[in-house]
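Working notes, structure below.
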Amino acid sequence: MPQGQMKIHEYQAKRILGQYGVPVPRGEVVENATEAEAAARGLGGSVWVVKAQIHAGGRGKGGGVKICSDLEEVRRNAEQILGMQLVTHQTGAEGQTVKKVLIEEGMDIRKELYLSILVDRNTQAVVVLASTEGGMEIEEVAAKTPEKILREDVDPTAGLLPYQSLRLAYGLQVDKADAKLVRPTAALIGNLYRAFEGEDCSLVEINPLVLTGDGRALALDAKVTFDDSALFRHKALEELRDLDEEEALEIEAADADLSYIKLDGNIGCMVNGAGLAMGSMDMIKAVGGEPANFLDIGGGADQGRVETAFRIISKDPNVKCILINIFGGIVRCDVVAEGVVAAFKNVGLSIPVVVRLEGTNADRGNEIIANSGMGDRLLKAQSLREAAEKSVAAAGNI
Ligand code: GDP
Ligand code: MN
């Protein structure tokens, strides 16, 4: 699995938050228009919301959230949204295919607020962020009106304390909208924190958290991601994975125990060590290129792993050249070089590969690359800069 964070859908996130006592609108997830209409009828009321379920935000602006005032409208919108390629600022230009929609009871929204819980890398602790500017992207609020973002740092030994939740509720001016809602909002924040901690989340973002005309505070939207390193403690969460939403190559790489993240450039990268991989990507950028991926092959850069990495990187049709940057510490460069040459021949790559070896037996490794008989298709480079420049040149030549 790609290391980092497992994403889930909004409807799944709301189920989990509901179990922790966070109020959420009633709703049902469906996969076709007939079910959508039936779900709306079952929910009752006179306003419904049809919401595209994809692992990306910004759905409202992209046309993936529709408010409906009769059942026919629910059916029509569900029909239109299901199967669409929803493009939002978080999906990339090709968008994401919508396979499920959430049908929810409509809310009479009086106020939209923002709330999130995440790990602050600077303080190395959990922080709760809140803002009166709900419905807007928090990045935009941070850039334009940073004073409108409230924060409560959480002491890991104490957890989020009740006074902190109350201070946030007052900071959000909940009392001005409806004084009766101060305590329920503070309770919601407290329960959200319990969910964050209990499920080992890496992020819980409620945008918007709404105060309604009928005097309730609810999570109208929910984005929840989990810390992959803690998933072993939550077997039930594994079932919430939606492989349709994940990059196929990333899943394949994870199965092969390679850390691979697909990017949009044309220079494939194969590096041992996450830091070196980041450095290599930076260097590609510095000389005017664009990396096609992050790939940490790990300590054992043997022939088998290099071969698997070649296959995965080259499946991305954008890749026009592969840069290999290996530091031979425990693993010897000559052994790596032999593996690279053999893997290159086995896979039958049609794109050039630039190899930069440094460390134990680097000279012997470079000799092996130089004498591989592969000519311009397998190039060696001395420095990382030279490797990046050769890769950019080679990628431009085909
Ligand atoms: P996102 O665009 O992916 O973040 O999706 P959201 O779930 O946040 O929905 C986008 C916007 O749709 C919200 O900010 C609300 O303004 C609006 N919206 C969603 N549900 C309702 C609802 O039940 N009633 C009303 N009036 N608006 C809603
Ligand atoms: Mn939202």
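Whatever order the structure lists ligands and atoms in, that order sets their numbers, starting from 1. Heavy atoms only: backbone and side chains are in, while hydrogens, waters and symmetry mates are out.
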Number the atoms of ligand 1 from 1 as they appear, then name those within less than 4.0 Å of a heavy atom of [X], with their elements.
| X | answer |
| --- | --- |
| Gly106 | 23 (O) |
| Gly57 | 3 (O) |
| Ile109 | 24 (N), 25 (C), 26 (N), 27 (N), 28 (C) |

Matching residue for Leu211 among Gln173, Lys111, Glu112, Met107 - test: side chain to side chain contact (heavy atoms under 4.5 Å, CB included):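 Of the listed residues Gln173, Lys111, Glu112, Met107, the side chain to side chain contact (heavy atoms under 4.5 Å, CB included) partner of Leu211 is Lys111.
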Heavy-atom nearest neighbour of [atom] within options [options]:
| atom | options | answer |
| --- | --- | --- |
| atom 9 (O) of ligand 1 | Val49, Val65, Val50 | Val65 |
| atom 27 (N) of ligand 1 | Asn207, Ile54, Ile67, Leu220 | Ile67 |
| atom 16 (O) of ligand 1 | Glu112, Glu104, Lys223 | Glu112 |
| atom 10 (C) of ligand 1 | Gly60, Gly135, Gly64 | Gly60 |
| atom 1 (P) of ligand 1 | Arg59, His89, Glu10 | Arg59 |

Nearest protein heavy atom with distance in Å, relative to [atom]:
| atom | answer |
| --- | --- |
| atom 4 (O) of ligand 1 | Asp221 OD2, 3.0 Å |
| atom 7 (O) of ligand 1 | Lys51 NZ, 2.5 Å |
| atom 23 (O) of ligand 1 | Met107 N, 2.9 Å |

Is the backbone of [Y] close enough, under 3.5 Å, to the side chain of [X] for a donor and an acceptor to pair up by distance?
| X | Y | value |
| --- | --- | --- |
| Glu245 | Asp242 | no |
| Glu105 | Arg26 | yes |
| Thr88 | Gly62 | no |
| Asn293 | Cys269 | yes |

Nitrogen or oxygen of Gly58 less than 3.5 angstrom from that of ligand 1: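 The answer is yes, given that Gly58 and ligand 1 share an N or O pair closer than 3.5 Å.
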Audit row: Thr91, Gln96, side-chain hydrogen bond (donor to acceptor under 3.5 Å, both in side chains) steps and yes/no: CA-CA 6 Å; Thr91 59; Gln96 196 95 282; over 6 Å; no
Side chain proximity check, Met6 to Leu231, heavy atoms < 4.5 angstrom: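 Yes; the side chains approach each other to less than 4.5 Å.
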Test item: protein heavy atom less than 4.0 Å from atom 25 (C) of ligand 1: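 Answer yes: something from the protein, a heavy atom, is under 4.0 Å.
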Flag: protein heavy atom within less than 4.0 Å of atom 19 (C) of ligand 1: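 So atom 19 (C) of ligand 1 has protein heavy-atom neighbours under 4.0 Å.
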In plain terms, say whether [X] and [Y] are close enough for a salt bridge, that is, a side-chain N and a carboxylate O under 4.0 Å apart.
| X | Y | value |
| --- | --- | --- |
| Glu104 | Lys14 | yes |
| Asp214 | Arg216 | yes |
| Asp221 | Lys223 | no |

The Mn ion (ligand 2) to nearest N/O/S of Asp221 less than 2.8 Å: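 Yes, within the cut-off.
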